[in-house]
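Right, one structure below, let's go through it.
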Amino acid sequence: MAGRPPGVQVQAEAAGLIQRAKLRLLEMHYQSKVGHIGGNLSALDILMSLYHFRLGPDDKFVLAKGHSAGALYVTLWTVGVLSDEDLRHFHGEGTRLSGHPPLQGIPEIIFATGSLGHGLSLAAGLALGKRLRGEGGRVFCLTSDGEWNEGSCWEALIFLAHQKLDNLTFLVDLNGMQGFGSTRQVANLDPLADKFRAFGVKTVEVDGHDVNSICSALESSDGPLAIVADTTKGCGVSFMENQMAWHYLPMSEEQYQQAVREVTECGKLSVTA
Ligand SMILES: [Mg+2]
């Protein structure tokens, strides 16, 4: 489906696909007893939109918010790059699916990321390299919002704006939360989109859980382009949404079962609608 903007029928297919991915993501995190599920759930719709509707063979992607590796792995599973067996070993001993994207072992993952603030610089370097070599394709990068507390993000912004990297799109998973609290409480950067615009970067704001909105923004070949995606941490699981604890906590069996029920019910409602 890559490269094809979603019509009504495709959107319905996407909803089913995302529900399946979300259930598998919950299972992976429950079985491995690791945290970060909140930020993974806020990023999943963006990653699924990218991989199913936008990325082509000449494009590259960098996950700057490496702690959402689970959402990236499950997305790669839906496009056939990773297997069931791979996902079963998520975060396990000797696995190639570590808690943050690994340096080696998965060709689609170019950089080991997760030390926040570096992914956008890596993506900008890739974009400049493509231009210097006369290569086609585009580079995409997904950052978190808390990550913009890092000075290195702003250095990357200066660089990509100065170089006019028209083959680069970066997205912000704007869920309003980070490791130590809400982004407004820790170091307020509102309105982030206007700050990007002040650097001369074309910036669009979208609903980060609406596949159609995300895909419409991703279609643009203007650049450099920033997409600020309004998201909800823990999206789709009522007791996780906007709750700080789900930056860190693993799920108990009871919590896992409730999360599965809610995601399953939500899928039924979507189909009915
Ligand atoms: Mg955040």
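Every number for a ligand or one of its atoms is a count from 1 in the order of the listing.
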Note to self: Can you confirm whether more than 12 heavy atoms, excluding those of R197, are under 6.0 Å from its CZ atom?
What the structure shows: yes
If you take the centroid of each ring, where Trp contributes its six-membered ring, are Y256 and H29 closer together than 6.0 Å? no
**Study point:** E108 and R96 ion-paired at < 4.0 Å
**Key:** no
Atoms of type N, O or S from protein under 2.8 Å of the Mg ion (ligand 1), total 3
Between R138 and the options D59, T169, N167, the side-chain hydrogen bond (donor to acceptor under 3.5 Å, both in side chains) test singles out T169
*asked:* Just so I know, are the side chains of Q243 and M240 near enough to count as touching, which here means a heavy-atom distance under 4.5 Å?
replied: no
Q: Flag yes if more than 12 heavy atoms outside K60 fall under 6.0 Å of its NZ atom; otherwise flag no.
A: no
